[in-house]
There are 2 protein chains.
Amino acid sequence: MTTLTKTFAALSDDTRLTLVEKLLKRGELPAGTLAAEAEISAPAISRHLKVLREAGVIVQRVEGTHRYYSVQPDALRAIHGWTMDHRAFWSGSLDRLDTLLALEPDDTPGEGTE
Amino acid sequence: MTTLTKTFAALSDDTRLTLVEKLLKRGELPAGTLAAEAEISAPAISRHLKVLREAGVIVQRVEGTHRYYSVQPDALRAIHGWTMDHRAFWSGSLDRLDTLLALEPDDTPGEGTE
DNA sequence: TCTTTATTTTCGTCAAATGTTAATTAACAG
DNA sequence: CTGTTAATTAACATTTGACGAAAATAAAGA
């Protein structure tokens, strides 16, 4: 498995995507808070956090008995980067035929540079 | 499963990500070409294509006995959109702490960070 | 030390995913 | 209608992933 497929795999579960979005919106949170807000057991959440950690999507900070989790920005950058690598295929028009034309070595109209 | 987790699930396998990247780089291709270039059997590829199709990542065009596959741009747009929704978290600074501070202008409980 | 609190690991089970080979459907040529 | 090519589906074995319950680890405090 490549780094990217591991990242996608980590985010391919609703429970885990929800955990990540909580961390994205609210910042660093302890495992206990994440477990309390979830509908499944604390051990199950702990395992999901482990999957996310091993995929490099989140990082853990230990403080006493608490484990604080937060999102690793590089993981989102990697996904963003992958979509940008293939931007010519999906950006520009909403029409698929136009996307094919966008592959021509021609500059993309309408969109300002970012 | 949400649309997004289904998309991530479809791309969470190396074989499938490779198929998608071939289609992104070379445009529409028949199942036979994709199967011939893969290291696993044609039936296995056929099922991977089905997973991608059911997740909305690729579309199929039938012409005689041939099935031509191509990437559905909306799938990549959805992923790109998700990363952009949380852009504040990973863009700007390369430092993780900066991102946390940017989201919480006040309350910073920890003192001994890392 | 003994106990409480916070979190993770282990265990047993079950559903889903993956790969192979064989069989099947579909289009087309003779 | 029979044979050939393209692609999918069927059947089967194996692996992987997810869950709850219970046990284990680790830090704090009485």
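Numbered from 1 within each chain, the chains take letters A, B, ... in sequence-line order.
Checking C:dT8, D:dT8, D:dC19 against every side-chain atom of B:A42, the shortest atom distance belongs to D:dT8. Out of C:dT21, C:dT7, C:dA27, the shortest distance to the side chain of B:T65 is found at C:dA27. Picking from C:dT18, D:dT9, C:dT7 the nucleotide with the shortest atom distance to the side chain of B:D13 gives C:dT18. Checked against D:dA27, C:dT7, D:dA10, the side chain of A:A31 finds its nearest nucleotide in C:dT7. Across C:dT7, C:dA22, C:dG19, the shortest atom-to-atom separation from the side chain of A:H66 is found for C:dT7.
Put simply, the side chain of A:L76 reaches to within 4.5 Å of the side chain of A:L24, judged on heavy atoms.
OP1 and OP2 of D:dA7 both lie 4.0 Å or more from every side-chain N or O belonging to B:Q60. Contact check, A:R67 against D:dA26: no side-chain N or O comes under 4.0 Å of OP1 or OP2. B:S41 has a side-chain polar atom (N or O) that falls below the 4.0 Å cut-off from OP1 or OP2 of C:dT20.
Spacing between atom CG of B:L19 and atom P of C:dG19 amounts to 10 Å, rounded to whole angstrom units. Atom P of nucleotide C:dA6 and atom CZ of A:R61 are separated by 16 Å, given to the nearest angstrom. The interatomic distance linking A:I45 (CD1) with C:dT7 (C1') rounds to 12 Å, in whole Å. Between the OH atom of B:Y68 and the C1' atom of D:dA7 there is a distance of 13 Å, rounded to whole Å.
At a cut-off of 3.5 Å, with distance as the only test, no side-chain donor of A:E28 or A:Y68 sits close to an acceptor on the other residue.
Side chain of A:T5 to backbone of A:M1: no donor-acceptor contact under 3.5 angstrom is found.
Sorted by residue number, the members of residues 47-57 of chain A with any non-hydrogen atom under 4.0 Å from DNA chain D read A:R47, A:H48.
Here B:S46 contributes atom OG and B:R67 contributes atom CZ; the two are 9.0 Å apart, rounded to the nearest 0.5 Å.
Ring geometry for A:H80 versus B:W90: interplanar angle of 30 to 60°, hence tilted.
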